[in-house]
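For reference, the structure is listed below as structure tokens.
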Amino acid sequence: MTSAAAPKVVHARAPGKINVFLKVGSLLEDGYHDVATAYQAVSIYEEVRASAADDFSVNFGGSIDTSNLTTDGSNLAIKAATLLARRAGFRQGVHLEIEKHVPIAGGMGGGSADAAATLLACDALWGTDLSREELLDLATQLGSDVPFAFTGGTAIGTGRGDQLSPALAKGQFQWVLAFADFGMSTPTVYRELDLHRDRHSQDIFPAAVQPQVDANVLQALRAGDPQMLAEVLHNDLQAPALHLEPKLAAVIELGEENGALAGLISGSGPTVAFLAADLDGALELQIALSAARLTVVRATGPVHGARIVGD
Ligand code: C5P
């Protein structure tokens, strides 16, 4: 039984993501790249519980090692809470308990999911009552992938990846994710791509000014056809990620030898996402990769974006 005096806790959840397609344009003056991506939210969630406090603090737990995470103002969840407080003119703070399941610096948008769920939880806790558009605007200020963690589903992202339009997707895709025991820095992987393009400017096509998502990707998503999608999975950040961490190539190969329709680096890596034909294929692949001592998690997509959970 909940006593009337029990402190109020608001629980919000947001999903991790896979970029099933990612084209990166040339480096812009602001240090970012225009991208064209197809995001899919997958069933691995970050759980954020927010309770009233005088200042801003965060604790981490969950199924992954969170010991190296910062808990000060540099943490994206704290940034999300302080941004919302400032926007709403709210003068108190919040304590956040975050249960993490999405790998840290893994290319699956775990920090972005923390930020999206924090916005939603604090909005409900404080009764700031911002509109969805206002919260999305704050999400955009926090990072390129935060708006997608907020909206979820399957969506096309342009600009920095933050300009979203929903994409039709039928059914559920079965994914098997191989987590690495190290993280990769997104700016470093983008920089490696730029360096590669500079080095090979004579013999590769220049990066598209305005990259676009291949129409076959949209068609495969609409059809809900994993075979079709496997043919067109693509990530421009894969080559630079493999250049920085060559051992990931063997992980991709191992999955493809064990029944994956295709494997690709998720976002800026190092997580490898494998698409399976169906649930049986995913289970078999999970067993084979686990036997090779990889940390493997199964997930389905698409799933919903950030939402409040009734405990
Ligand atoms: O937006 P976010 O803070 O997640 O971006 C982290 C870094 O990733 C940026 O500082 C930039 O180096 C790189 N990035 C990029 N182009 C994008 C998104 C991110 O170059 N569209």
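Scope of the values below: all heavy atoms of this structure, side chains included, with no hydrogens, waters or symmetry mates. One-based numbering, in listed order, for ligands and for the atoms of each. All figures in this text were calculated on a predicted structure; none of them were measured in a lab.
Closest protein heavy atom to atom 20 (O) of ligand 1: His33 ND1, 2.6 Å. Among protein heavy atoms, atom 13 (C) of ligand 1 sits closest to Tyr190 CD1, 3.5 Å. Protein heavy atom closest to atom 11 (C) of ligand 1, with residue, atom name and distance, is Gly31 O, 3.9 Å. In this structure, atom 8 (O) of ligand 1 lies nearest to the protein heavy atom Thr186 CG2, 3.4 Å. Protein heavy atom closest to atom 1 (O) of ligand 1, with residue, atom name and distance, is Ser144 OG, 2.5 Å.
Summarising the local packing, NE2 of His243 is surrounded by 12 or fewer heavy atoms from other residues, nucleotides or ligands at distances under 6.0 Å. For Gln210, the CD atom sits in a loose shell: 12 or fewer heavy atoms of surrounding residues, nucleotides or ligands are nearer than 6.0 Å.
For the pair Lys23 and Asp214, the salt-bridge criterion is not met [side-chain N within less than 4.0 Å of a carboxylate O].
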Margin query: Between Met108 and Val42, is the side-chain contact (heavy atoms from CB on, under 4.5 Å) condition met? List the steps.
Written below: CA-CA 9 Å; Met108 289 191 62; Val42 294; 3.7 Å; yes
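In summary, the side chains of Thr37 and Asn19 do present a donor paired with an acceptor at a separation below 3.5 Å, with no hydrogens or angles considered. Using modelled atom types, one finds a donor on one side chain and an acceptor on the other under 3.5 Å when comparing Ser63 with His101.
Taking every heavy atom of both residues into account, Pro240 and Val189 meet most closely at CB-O, 3.6 Å.
Closest to atom 7 (C) of ligand 1 by heavy atom, among Pro187, Ser268, Ser185, is Pro187.
Within the listing of ligand 1, atoms 1 (O) sit less than 4.0 angstrom from a heavy atom of Gly143. Shown in contact with Arg160 at under 4.0 Å from a heavy atom are these atoms of ligand 1, numbered in order with element: 17 (C), 18 (C), 21 (N). Of all atoms in ligand 1, listed by their number and element, those nearer than 4.0 Å to a heavy atom of Val35 are 21 (N).
Residue Tyr32 touches ligand 1 through backbone and side chain together, judged by heavy-atom distances below 4.0 Å.
Classified by interplanar angle (parallel below 30°, tilted 30° to 60°, perpendicular above 60°), the ring pair Phe21/His234 is tilted.
The shortest heavy-atom distance from Gly161 to ligand 1 is not under 4.0 Å. At a 4.0 Å cut-off, not a single heavy atom of Asp145 sits close enough to ligand 1 to count as contact.
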